[in-house]
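Beneath this line is the structure, given in structure tokens, with notes to follow.
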Amino acid sequence: MRDRFAPSPTGQLHIGGGRTALYNWLLARKEGGAMVLRIEDTDRERSTPENVEQILDALRWLELSWDEGPLSQAERIGRHEACIAGLVESGHAYADEGAVRLRVPDEGETVVSDVIRGDVRFPNRSIDDFVIARSDGSPLYNLAVAVDDLDMGITHVIRGDDHLSNTPRQVMILQALGAQPPVYAHLPLLYGPDGKKLSKRHGAASVQELRDAGYLPEAVRNYIALLGWGLDETTTFMTTDELIANFSLERVSRNPAVFDEQKLRWMNGRYMRELPVEQLQARIEAMSGREVPREAVEISQEKMQTLVDFWPLAGFLVDRPDGYDQKAWDKVMVDGSAERLEAARKAIEAAEPFGPESIEEGLRGLVERLGVKPKEVFQPIRVALTGTTVSPGIFESVAALGREEALARIDAALQHARGGA
RNA sequence: GCCGCCAUCGUCUAGGGGACUAGGACGCCGCCCUCUCACGGCGGAAACCGGGGUUCGAAUCCCCGUGGCGGUACCA
């Protein structure tokens, strides 16, 4: 069993393309077959080395490896031209104003056997004698694809639904060449939330945009696998091994799917929470190119949905905030807040041994003595430390910051409250 | 125009004649937990595109309509 992923290099890899690659990869793994990576680059203008690299880049990030290739379709032009000549010679094709057209019968029908759609029948009279070679002799897409799939021994063609209407043409070329068509599987297309084709204005539309938004490749794989395929009525989380073991083309859905980034966020958050702290830390560091304290990761892990969420949440543990969010300050620093912060400072200073437990003990004791609500004490500390009203747990945050730095930031806030610089 | 594909909660889907007062998940709403934001727990609202058939019985099968999408290029 051999399948192929055959993108045309037009820029970043579209999420739909990522899913097509995933399905091809899953099936090849499951069947113990091979996946060929073939670049459909017969359109020389669009097919720049940079664009090809974008495809490979996305595939590598998704951790989808190919067994052969990347093969260049354009480099096989000699073979394509030979086939065109052969087709003319055998009478299956003829020259027309310099171009070459395939002879399509007026009667009968061409059947595309599709695992997902069943047998799709196309009346031959609805298909014109189509061009397989330009007047300069260069081969056209349908011919190149058919010849390549044949030569490469492809048994399963898994691709987007937008290719279904062109498939009878490829089948005709194969038949004219005396070959059996492969098994086809046309995947439903992916759309944006507005029902239109998924594009940049929907947020992330490409695999690399997903990566840059802080998603984990394993979460992306799990999510997009479920876009048009499902195991049963309840299974949602599957490891890659489980995906491989369970995948089947027969269970691929026929209707188009809308890419829902909110659901991906949720799923990604679940994956992040299940990661060992060291691993999560390593990923945050790899993505940002900066070192971050393990403790900072530990106390914010359950609050993040993506890798980039780390910074607004726990960035204050890496860099001292350069100011206070005005809204946060106004909301929290009301009458008496400065006094409570002052008292909290003493409690933190006295915490011994310095850690979350002793800090909690001291701060809760203060709340008790003052007879105020916990947040009336905790929020001013939070603003002093982070500049905002959002952070991991306050005791853990103070502890992670360290006594000296925590006290310094509180002092700065107190000064700010008194109208100082 | 012609050819083709598709049609279940807002979204992803389960369903392949009786198990359906249509199940799960995201999102949404409410409650609980709570130092903020989250996590988590509990509960709730929310769908079979329309019309004809077939059948004792249709979300499931057939036809028509409607809608969405794709193809129809000397693009891929």
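Everything quoted here is computed from the prediction, not taken from an experiment. The chains referred to below are lettered A, B, ... by the order of the sequence lines, with proteins before strands, and numbering in each begins at 1.
- The phosphate of C75(B) (OP1 or OP2) has a side-chain N or O of R134(A) nearer than 4.0 angstrom.
- Between R251(A) and G16(B), a side-chain N or O to OP1/OP2 separation shorter than 4.0 Å is absent.
- The base-pairing partner of G4(B), taking Watson-Crick or G-U wobble contacts with both distances under 3.5 Å, is C69(B).
- Between the CD1 atom of I15(A) and the P atom of C12(B) there is a distance of 15 Å, rounded to whole Å.
- With respect to the salt-bridge test (charged N to carboxylate O, under 4.0 angstrom), the residues R2(A) and E68(A) qualify.
- Considering only side-chain atoms of W266(A), the nucleotide from A73(B), C37(B), A25(B) that sits closest is A25(B).
- Following rounding to the nearest Å, R125(A) (CZ) and G71(B) (P) show an atom-to-atom distance of 21 Å.
- Atoms CD (Q170(A)) and P (U72(B)) sit 11 Å apart, rounded to a whole Å.
- Residue-to-nucleotide proximity on RNA chain B shows that, of R273(A) and D162(A), the 5′-proximal contact is made by R273(A).
- Ranking G24(B), U13(B), C35(B) by closeness to the I394(A) side chain, first place goes to C35(B).
- The same atom, P, is picked in C5(B) and in C63(B); the two are 11 Å apart, to the nearest Å.
- For P374(A), the side-chain atoms get nearest to C35(B) when compared with the rest of C35(B), C3(B), A25(B).
- Sorted by first and then second residue, the ring-ring contact (aromatic ring centres under 6.0 Å, His included) pairs with a member in residues 238-261 of chain A read Y23(A)-F247(A), Y223(A)-F259(A), W229(A)-F247(A); sequence neighbours excluded.
- In this structure, D129(A) atom CG and C74(B) atom C1' are separated by 14 Å, rounded to whole Å.
- Counting only heavy atoms from C-beta on, H163(A) has its side chain closest to A76(B) among G71(B), A76(B), C35(B).
- Residue T42(A) places at least one side-chain N or O closer than 4.0 Å to OP1 or OP2 of A76(B).
- The same atom, P, is picked in A25(B) and in A7(B); the two are 24 Å apart, to the nearest Å.
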For nucleotides 45-48 of chain B, list the nitrogen or oxygen atoms of the protein found under 3.5 Å from its nitrogen or oxygen atoms, one pair per line.
none

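- Considering CG of L307(A) and CG of D212(A), their distance stands at 11.0 Å, rounded to 0.5 Å.
- A syn orientation is assigned to C39(B), its glycosidic angle lying within 90° of 0.
- Applying the Watson-Crick and G-U wobble criteria (two distances, each under 3.5 Å), C42(B) pairs with G30(B).
- In the set C12(B), C3(B), C69(B), C12(B) carries the atom at the smallest distance from any side-chain atom of K263(A).
- With sequence neighbours excluded, no residue satisfies ring-ring contact (aromatic ring centres under 6.0 Å, His included) with W66(A).
- Ring-plane geometry between Y324(A) and W329(A) is classed as tilted, the angle between the planes lying from 30 to 60 degrees on a 0 to 90 degree scale.
- Here R364(A) reaches the OP1 or OP2 of C35(B): one of its side-chain N or O atoms lies under 4.0 Å away.
- Base pairing annotation: G57(B) forms no Watson-Crick or G-U wobble pair, as no partner gives both donor-acceptor distances under 3.5 Å.
- Rounded to whole Å, the separation between the C1' atoms of G53(B) and A58(B) comes to 12 Å.
- Comparing the C1' positions of A14(B) and A59(B) gives an interatomic distance of 12 Å, to the nearest angstrom.
- Of the candidate nucleotides U72(B), C35(B), A25(B), U72(B) has the atom lying nearest to any side-chain atom of R169(A).
- Taken residue by residue, residues 17-27 of chain A places no heavy atom nearer than 4.0 Å to RNA chain B.
- When the C1' atom of C37(B) is taken as reference, atom CD of Q301(A) falls 16 Å away, rounded to whole Å.
- With a cut-off of 3.5 Å on both pairing distances, the Watson-Crick or G-U wobble partner of A25(B) is U11(B).
- C6(B) and C62(B) have their P atoms separated by 11 Å, given to the nearest Å.
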Provide a list of protein-nucleic acid N or O atom pairs under 3.5 angstrom, restricted to nucleotides 29-32 of chain B.
none

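- Relative to the side chain of Q305(A), the nucleotides C12(B), C39(B), U11(B) differ in distance, and C39(B) lies closest.
- Listed nucleotides: G70(B), C35(B), A25(B). Nearest to the side chain of L189(A): G70(B).
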Write out a two-atom table: protein N or O, nucleotide N or O from nucleotides 5-8 of chain B, distance below 3.5 Å.
unit_1: C5(B); atom_1: O2'; unit_2: R117(A); atom_2: NH1; d: 2.7
unit_1: U8(B); atom_1: OP2; unit_2: N255(A); atom_2: ND2; d: 3.2

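- Distances from the side chain of P123(A) to the nucleotides C26(B), C3(B), G24(B) place C3(B) closest.
- Counted within 6.0 Å of CD on E404(A), heavy atoms from surrounding residues, nucleotides or ligands total 12 or fewer; the atom is thus considered open.
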### Message
Please evaluate residues E107(A) and N124(A) with respect to the criterion side-chain hydrogen bond (donor to acceptor under 3.5 Å, both in side chains), reporting the C-alpha separation (whole Å), side-chain torsions for both, the decisive distance (0.1 Å), and the verdict.
### Response
CA-CA 6 Å; E107(A) 302 293 309; N124(A) 288 337; over 6 Å; no
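- In the set C35(B), G23(B), A76(B), the nucleotide with an atom closest to the side chain of E233(A) is G23(B).
- A donor-acceptor contact under 3.5 angstrom links the side-chain atoms of S135(A) to the base of C74(B).
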